[in-house]
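Computed from a predicted structure; not experimentally measured.
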Amino acid sequence: MHHFTISRLNTRLGIFKLKGVVNSDSQATQHHIRVFQLEIMGSDGWVELEVSHHRSQQLIEQLDGEIDAHLGL
């Protein structure tokens, strides 16, 4: 398990700040990302999103490839 913090992720969906963990399978090239803090840049600064909300989960799924690329996975 590897903890990560991304202080600014510029994406097509907006600008995000994330914290989470990467679980890697040592016998395969598979990994699983779990985000436990998600914020989006709003017009007045950072706005924290409720990670357990289904819309936030959909957003995390949409960002998965960009998170992978940023972390070098």
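- Linking ILVMFWY side-chain heavy atoms closer than 4.5 Å, directly or via other members, places Ile40 and Leu18 in a single hydrophobic cluster.
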**Request:** Begin with the C-alpha distance, continue with both residues' side-chain angles, and end with the deciding distance and a verdict on side-chain contact (heavy atoms from CB on, under 4.5 Å) for Ile67 and Leu71.
**Result:** CA-CA 6 Å; Ile67 296 169; Leu71 296 174; 3.8 Å; yes
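- Just one of Leu63, Leu9, Thr11, Asn10 meets the side-chain contact (heavy atoms from CB on, under 4.5 Å) condition when paired with His70; it is Leu9.
- The cluster map of Ile, Leu, Val, Met, Phe, Trp and Tyr, joined by side-chain heavy atoms under 4.5 Å apart, puts Val21 and Leu59 in different clusters.
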**Request:** Please report the C-alpha distance between Gln62 and Leu13 in whole Å, then the side-chain angles of each, then the deciding distance to 0.1 Å, and finally whether the side-chain contact (heavy atoms from CB on, under 4.5 Å) criterion is met.
**Result:** CA-CA 9 Å; Gln62 291 176 315; Leu13 300 174; 3.8 Å; yes
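- One hydrophobic cluster, built from ILVMFWY side chains closer than 4.5 Å, cannot hold both Leu73 and Met1; they sit in different ones.
- Under the 4.5 Å side-chain heavy-atom criterion for ILVMFWY residues, no single connected hydrophobic cluster contains both Val51 and Met41.
- Atoms NE2 and CG, on His32 and Asp64 in that order, are 9.5 Å from each other to the nearest 0.5 Å.
- Side-chain contact between Phe16 and Ile6 is absent, with no heavy atoms from C-beta onward closer than 4.5 Å.
- Within the model, atoms CZ of Arg34 and NE2 of His3 stand 8.0 Å from one another, a figure rounded to the nearest 0.5 Å.
- For Arg8, the salt bridge (Lys or Arg N to Asp or Glu O under 4.0 Å) criterion is met by no residue, not counting sequence neighbours.
- Here His53 contributes atom NE2 and Leu38 contributes atom CG; the two are 12.5 Å apart, rounded to the nearest 0.5 Å.
- For the residue pair Ser56 and Glu50, the shortest heavy atom distance occurs at OG-O, 2.8 Å.
- Looking at heavy atoms from C-beta onward, Leu49 lies out of side-chain contact with Glu39 at the 4.5 angstrom threshold.
- Enclosure of atom NZ in Lys19 is not indicated, since only 12 or fewer non-hydrogen atoms of other residues, nucleotides or ligands lie within 6.0 angstrom.
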